[in-house]
Amino acid sequence: MSNKATIEVNGQKHEFPLVTGTENEVAIDIKTLRGVTGGVTTIDPGYKNTGSCESGITFLDGEKGILRYRGYSIEELAEKADFLEVAYLLIFGELPNQDELDKFHSDIKAQSIVDEDVKKILDAFPKSAHPMGVLASLTSALTAFNPTSVNVDSEDEMYNAIVRILGKFPVLVAWTLRKKKGLPLDYGDKSLGYVENILKMMFKQPNEDYDLSPILVNALDKLLILHADHEQNCSTSTVRIVGSSHAGLFASISAGISALWGPLHGGANQAVLEMLEAIKEDGGDTKKYMSKAKDKDDPFRLMGFGHRVYKNFDPRAKIIKSAADEVLSDLGIEDPILDIAKSLEQEALNDDYFVKRKLYPNVDFYSGIIYRGMGIPTEMFTVMFALGRLPGWISQWKEMRLRKEPIGRPRQIYTGENLRPFVDIKNR
Ligand code: SDX
């Protein structure tokens, strides 16, 4: 195959190099397009056909349903690794040995205290505030309390910022939940594992010890791994473009949280549960909701279905679906919502509208069922997604900064008014 692409514009032919990745993906490098064509650019709403960067972190094959972090399959990592190991892998590129992992964890624990004044910001929010809005604000506020973690250029300075946010973010997540429940805010227990401490900080009642359930620890660890990165999705692209202006890591992560909040993205896990609840209240009439989803005049979509990249099963959805069965039965929970989800999936997989458009269950379709079984409130589901995605956001931000990528600034095609003279208000 030739390693060049030819584009003809206004009778002029221009050649552009092809970039081929390690998994044989091919892109046309159009860095010189505007210059050689006298101003012609491309346009691609939603960037469905446009790559923003080269990256060595995560590989997806949407047609085959493949997901790998730094070359390791999501199936192996979900089964054999733990979340902190996967965070290290994403951020530093290699699986850690025991000493490296222990040092990483102790550096994180050393940064797991949040300034008491952050509680005053939290107190200013009404209990009705959505946790994602609270978390985005508190994460951005971390910049004010950790000023040395803003303009970081060296890998050492980045490491300090990275262990800070990995130490403090779980505290902010737990505080966001506990504030909503009117519970006292504490810092958990440094003697515990990373995920164990998250559960304790979230759920410990002030008047009793907290007994860690291995079922819940394993379930959360696996869910966080499955959400840890997903190449250039909406929120990760947000983190990269905000970081490309050299805004600090915390501010970039805060922007990513806001992007993830949307119901078309991470907010879908909350929307799926609300949809399943509505179907249950409606007598379990899945066919009614299927026809709503297919009706162009109805804004309703089957939440948790479809994906920009996966035109096959989302490998994470498969793992979460089987985990949902395990966790609920281990916890002795019979949740009719799971049965409704399974019958919806079956109907959609046999429905021409969904088959033709290659719409399959995505990561958000079953995850909320497990979160609910674990006692996590529905409004906190997307916060749990953010907790998992944190190492992915960090790794992508770090890669972009270390590669000294240019500030993100897309072009446009102007379709507004042509030049016209100002008209004084008395003549309008
Ligand atoms: C995540 O990008 C990532 O990697 C994201 C993520 C990650 O890990 O970061 O994987 C996490 O965000 C998963 C997606 C969660 N969102 C949802 O479950 C919301 C429901 N899904 C849809 O809104 C939609 O499928 C998107 C947003 C996920 C993808 O939208 P696209 O790629 O822009 O596709 P599209 O809207 O152009 O849809 C193509 C067709 C359209 O029909 P036609 O105009 O061709 O007739 O499929 C239809 C759409 O109407 N369609 C759906 C549908 N999803 C797409 N119809 C009904 N129900 C749906 N869920």
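Order of appearance sets the numbers: ligands from 1, and atoms from 1 within every ligand.
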Let me have the donor-acceptor pairs involving side chains of residues 132-145, under 3.5 Å, with sequence neighbours excluded, atom names and distances please.
unit_1, atom_1, unit_2, atom_2, d
S137, OG, G133, O, 2.9
T139, OG1, L135, O, 2.7
T143, OG1, S140, O, 3.0

Which side-chain N or O atoms in residues 380-392 pair as donor and acceptor under 3.5 Å with protein atoms at least two apart or in another chain?
unit_1, atom_1, unit_2, atom_2, d
T382, OG1, G266, O, 3.4
T382, OG1, N269, OD1, 2.9
R389, NE, H227, O, 2.6
R389, NH1, N233, OD1, 3.4
R389, NH2, H227, O, 3.2

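Considering CG of L18 and CD1 of I28, their distance stands at 6.5 Å, rounded to 0.5 Å.
Relative to the ring axis of Y353, R357 places its NZ or CZ within 45° and under 6.0 Å from the centre.
Residues I66 and S73 are not in side-chain contact: their nearest non-hydrogen atoms beyond the backbone lie 4.5 Å or more apart.
For the salt bridge (Lys or Arg N to Asp or Glu O under 4.0 Å) condition, the pairs that include at least one residue of residues 154-178, sequence neighbours left out, are E155-K398.
Protein residues having at least one heavy atom under 4.0 Å from any atom of ligand 1 are K48, H230, N233, P263, L264, H265, A268, A293, K296, R301, L302, M303, G304, F305, G306, H307, R308, R316, Y353, R357, L359, N362, D364, F385, R389, listed by chain and number.
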